[in-house]
Protein chains: 2
Amino acid sequence: MIDIKHFLRQNSLRPTKQRVIIANYLFDGVNKHVTAETLSNKLLKMKAGISLATIYNTLHDFYEKGLLKKLMINSERIYFDTNTEHHHHFYSKKDQKLIDINVDMKVSGLPKPPKNKKIKKIEVLVHLDN
Amino acid sequence: MIDIKHFLRQNSLRPTKQRVIIANYLFDGVNKHVTAETLSNKLLKMKAGISLATIYNTLHDFYEKGLLKKLMINSERIYFDTNTEHHHHFYSKKDQKLIDINVDMKVSGLPKPPKNKKIKKIEVLVHLDN
DNA sequence: TATCAGTTTAGAACGATTCTAATGTATTGA
DNA sequence: TCAATACATTAGAATCGTTCTAAACTGATA
């Protein structure tokens with residue numbers, strides 16, 4: 001618990017009760033993909049009475065500090081990824097589930113970007129069938 | 001115009017006035033990326049008095065018939081692509097603009113999909129910086 | 001040309017997210 | 001230690017893209 005408080009302070013975030021609970025869950029060593037909704041459900045099960053507004057605020061705050069990555073997979077909701085390293089994903093629409101691809105992949109045959117633009121990052125999303 | 005009517009009929013779509021106008025614009029030979037909003041703006045400029053509801057309906061109908069591809073780029077809106085071939089994109093968040101990548105690209109080093117799942121398609125999105 | 005299934009429409013409803021402004025709490029410095 | 005204050009949390013309202021509803025309209029057909 002003290003670790004998490006330090007961790008939050010190191011990232012210029014006040015270790016409030018709510019942030020400590022959420023950070024403890026998110027940064028427990030197991031990479032996770034959460035939405036505001038799935039996180040809210042998890043917290044309800046843990047009987048942490050944290051309002052939806054705080055969940056949104058906290059995800060946003062953690063994102064701002066670079067502790068989470070935002071994933072734009074579909075237009076229905078925003079996914080946050082605790083794995084902030086550059087990596088790719090499998091996505092099963094049916095299961096509404098993302099799986100990290102942590103191995104190095106190479107994209108070859110990429111054309112030049114348009115004039116005056118540079119490539120920021122390449123994102124590969126592998127859609128699964130079933 | 002008669003072409004478009006045939007085209008719609010061939011795709012089991014009644015060639016109503018609104019659909020003809022929208023199809024004429026979308027399928028004029030130049031590939032396009034539209035959202036309900038950008039299409040609506042374009043139609044307003046053309047003084048075609050087509051309601052937003054019809055724009056949504058029509059995009060959806062065309063999509064159902066395989067005339068458009070849906071692109072999930074961000075959580076703000078749904079993009080439709082008149083290029084229904086398998087291809088990839090450059091994306092400039094700043095310009096809110098998509099550019100087709102029509103050359104063949106290869107992704108190497110892809111791990112096996114999880115058990116009992118197969119790969120449906122691989123989508124590469126190249127984020128541009130400026 | 002009457003019929004009717006399919007289409008369009010305005011506006012209501014919806015759902016994820018953000019905002020508001022009132023209340024609560026961690027931090028600080030005396 | 002405590003008061004002051006800057007920052008956080010919260011319920012509920014607002015927002016915004018999209019979908020739904022149900023009434024009016026229109027293309028196809030016989």
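Quick caveat: nothing in here was measured; it's all calculated off a predicted structure.
Summarising the geometry, the separation between CD1 on I50(B) and C1' on dA10(C) is reported as 15 Å, rounded to the nearest angstrom. Counting to the nearest Å, the P atom of dT7(C) and the CD1 atom of I55(B) are 17 Å from each other. Between the NE2 atom of H60(B) and the C1' atom of dC20(D) there is a distance of 13 Å, rounded to whole Å. Going from atom CG of N57(B) over to atom C1' of dT18(D) covers 11 Å, rounded to whole Å. In this structure, the NZ atom of K5(B) is 15 Å from the P atom of dT7(C), given to the nearest Å. At whole-Å resolution of the value, CZ in F80(A) and P in dT17(C) are 8 Å apart. Atom CG of L59(A) and atom C1' of dT9(D) are 15 Å apart (whole Å). Note: CG (L13(B)) to C1' (dA28(D)) measures 15 Å, nearest angstrom.
The side chain of R14(B) places no N or O atom within less than 4.0 Å of a non-bridging phosphate oxygen (OP1 or OP2) of dA28(D). Side-chain nitrogen and oxygen atoms of T16(B) include at least one within less than 4.0 Å of the OP1 or OP2 phosphate oxygen of dT8(C). Look at R9(B) and you'll find a side-chain N or O under 4.0 angstrom from OP1 or OP2 of dA28(D). For the pair Y56(B) and dT19(D), the criterion of a side-chain N or O lying under 4.0 Å from OP1 or OP2 is not met. Of the side-chain N and O atoms in S51(B), one or more sit less than 4.0 angstrom from OP1 or OP2 of dT9(C). In this model, the phosphate group of dT10(D) is approached by a side-chain N or O of Q18(A) to a distance below 4.0 Å at OP1 or OP2.
In this structure, E76(B) reaches the sugar-phosphate backbone alone: every heavy-atom distance under 4.0 Å involves primed, P, OP1 or OP2 atoms, never a base.
Relative ring orientation between H33(A) and H87(A) is described as tilted, the plane-to-plane angle lying within the 30° to 60° band. Ring pair H60(A)/Y63(A) is tilted by interplanar angle, where 30° to 60° counts as tilted. Taking the six-membered ring where tryptophan is involved, the planes of F62(A) and F27(A) are tilted, since the angle between them lies from 30° to 60°.
For the pair K32(B) and Y25(B), the cation sits on the ring face: its NZ or CZ lies under 6.0 Å from the ring centre, inside 45° of the axis.
Listed nucleotides dA10(C), dT18(D), dT17(C) differ in distance to A53(B); the shortest reach to its side chain belongs to dA10(C).
If R19(A) and R77(B) are placed on DNA chain D by their nearest nucleotide, the residue sitting closer to the 5' end is R19(A). In this structure, K70(A) and K17(B) both approach DNA chain C, and ranking their closest nucleotides by distance from the 5' end singles out K17(B).
A side-chain N or O of N83(A) and one of N102(A) form a donor-acceptor pair less than 3.5 Å apart.
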